Amino acid sequence: MSETQKAADRPSSPPAAVNSVDRFFKISERGSTFGREIRGGFATFFTMAYILVLNPIILGSAKDKFGHQLDAVQLTTATALVAAVMTVIMGVGGNLPLALAAGLGLNAVVAFQIAPLMSWDDAMGLIVLEGLLICVLVVTGLREAVMHAIPQPLKQAISVGIGLFIAFIGFVDAGFVSRIPDVAGTTVPVQLGATGTLGGWPILVFCLGVLLTIGLLARKVKGAILISIVTMTLLAIVINSVADIKSWGLTTPAWPDKLVDTPDFGLIGHFSLFGAFGETTVITVVLLVFTLILSDFFDTMGTVVGISAEAKLLDDEGKVPNLGRVLLIDGAAAVAGGAASSSSATSYIESAAGVGEGSRTGFSNLVTGAMFALALFMTPLLTIVPLQAAAPALVAVGFLMMTQVKSIDWDKYEIAIPAFLTIAVMPFTYSITNGIGAGFLAFVVIKTVLGKARDVHWLMWGASALFVVYFGIDPIEQVLGVK
């Protein structure tokens, strides 16, 4: 072979960094540009800005053991502050396009399962304790080791399952899919629209947004997702001003009366680390912390793997870059969320919207974090994007993540069945953790049945044992006398 041919066969080196910022974040090295990172940062913010409205609603609607409620304005401030700080820290320290904010699901556990048993300070103290324990798992290397022990096909299945999950979230958030009321007396769980048919201007905005987004993606237009979000928001504002619409959901696309509001930091620092032990039994506290840790642990694992895979940042062995730092920052985010009384903060799967826009580095987090910082003072302006305008991005990114399904060997049942269960259970149970647990258990069982138990990493056995406890938590609580 000639020297010329050998040179042609060698992979081309990444383009030289433009400046020190480019070099620090490896923007050019990862095949990105400042423009893509900035667009991605905006796209991620607008797809997850709903948490500024939803988290105060969930936490603010609940009462603790003593009948106390948290202030909505203070909750909004705490939510925005934690999201801003931890997203920037993840960008600088982890260099992944992975934004963080108060975790949905976890905040509901805090509001409706933990707070009724104790004071709000005690409940938030449990969140801090959970975050500290997760940090210990990271420092000891256990959390990273578990992620490395997962077979590559299962990691791909996690990414695909998350893709379907966030697409489903998009359909539900927009009202395109809704739960059939129990009084309907049917075993069918969901339906098209609110009544079995599509109706209303908000749904039209969502449908047009999906068509616009996929059209722009098919044309490979730069900024497709962000263009769609902005365009649909402007259309929604116009429609809302001329049409009689009962509700858009959490956010109404109307120009606010004021652009700036004063943040209230009154909830910051209000937590009691061990106060819960004086309000309920030790067994109850241990089980609550265990549930929080397991959910946070595997939700984050799935999100980090899924986002990194979609951004094409996994190495040849399927490992995430800077994984140790990324997991430590995520654990610290849980601590920060509890300390600020905004519930546990965690990595957001909506970051996939930014990845779909071109984000490949933590630089995009600086943009997302800056927007959350602005939200401390400009919440009225930054929360006018209705879910119907942002949800099409989740549907489009769901498709992009779904494409990884082709890498799974569907003829090899010992991996295909666990992969299928991982993919199916996530959207069907509305939980990343449940999907990972189903896949892990199926993988271990099938390997054992086939006489290949020795091929299963011991950490997979340990994680599967924890999932047995996780799925059987109700009878375990009854046996222990917690219920």
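None of these values were measured; they are calculated from a predicted model. In this chain, residues are counted from 1 in sequence order.
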Heavy-atom side-chain contact between [X] and [Y] under 4.5 Å:
X    : Y    : value
V320 : L96  : yes
Q191 : S178 : yes
L313 : P97  : yes
F399 : T403 : yes
F171 : V395 : yes
M371 : F46  : yes
Q388 : L204 : no
I203 : C207 : yes

Step by step, work out the side chain to side chain contact (heavy atoms under 4.5 Å, CB included) result for I417 and E414.
CA-CA 6 Å; I417 293 175; E414 63 190 77; over 6 Å; no
Quick one: do the [X] and [Y] side chains pair a donor with an acceptor below 3.5 Å?
X    : Y    : result
N322 : N95  : no
S344 : D296 : yes
T300 : T346 : yes

When the ring planes of F176 and F206 are compared, do they come out parallel, tilted or perpendicular, using 30° and 60° as the limits?
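Plane angle between 30° and 60°, so tilted.
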Is the F467 ring parallel, tilted or perpendicular to the Y470 ring (thresholds 30°, 60°)?
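Perpendicular: the ring planes of F467 and Y470 meet at over 60°.
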Do any N or O atoms from the side chain of [X] and from the backbone of [Y] form a donor-acceptor pair under 3.5 angstrom?
X    : Y    : result
T231 : S228 : no
T77  : V73  : yes
N365 : T87  : yes
T368 : G41  : yes
E37  : R360 : yes
S308 : V304 : yes
Q156 : V405 : no
S342 : T79  : no
K412 : D409 : no
R36  : S359 : no

Looking at [atom1] of [X] and [atom2] of [Y], how far apart are the two atoms once the value is rounded to the nearest 0.5 Å?
X    : Y    : atom1 : atom2 : value
I158 : I436 : CD1   : CD1   : 4.5 Å
I58  : L70  : CD1   : CG    : 13.0 Å
L81  : M86  : CG    : CE    : 11.0 Å
Q152 : K155 : CD    : NZ    : 6.0 Å
F42  : I229 : CZ    : CD1   : 11.5 Å
I89  : I329 : CD1   : CD1   : 7.0 Å

With a 6.0 Å cut-off on ring centres, are F165 and Y430 close enough?
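Under 6.0 Å, so yes.
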Just wondering, more than 12 heavy atoms not from Y50 lying within 6.0 Å of its OH?
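It does: Y50 OH has more than 12 such atoms within range.
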Greater than 12 external heavy atoms within 6.0 Å of W410's CH2:
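More than 12 within 6.0 Å, yes.
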Salt bridge R143-D330, side-chain N to carboxylate O under 4.0 Å:
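The answer is yes: the pair qualifies as a salt bridge.
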Does T44 form a side chain to side chain contact (heavy atoms under 4.5 Å, CB included) with S364? I'd like the steps, not just the answer.
CA-CA 9 Å; T44 294; S364 65; 5.8 Å; no
Exercise: identify the closest heavy-atom pair between [X] and [Y]:
X    : Y    : value
F34  : V21  : CE2-CG1, 3.9 Å
I127 : S343 : CG2-C, 4.1 Å
A254 : N240 : CB-ND2, 3.6 Å
A62  : F112 : CB-CE2, 3.9 Å
A149 : L459 : CB-CB, 4.1 Å
G60  : L75  : N-CD1, 3.6 Å

Mind running side chain to side chain contact (heavy atoms under 4.5 Å, CB included) on V367 and F45 for me, showing each step along the way?
CA-CA 8 Å; V367 178; F45 173 78; over 6 Å; no
Please test I38 against F363 for side chain to side chain contact (heavy atoms under 4.5 Å, CB included), starting from the C-alpha separation and ending with a verdict.
CA-CA 8 Å; I38 292 171; F363 185 83; 4.0 Å; yes
Please determine whether side chain to side chain donor-acceptor pair (under 3.5 Å) holds for the pair D22 and S28, giving the CA-CA distance in whole Å, both sets of side-chain angles, and the decisive distance to 0.1 Å.
CA-CA 7 Å; D22 185 349; S28 296; 2.5 Å; yes
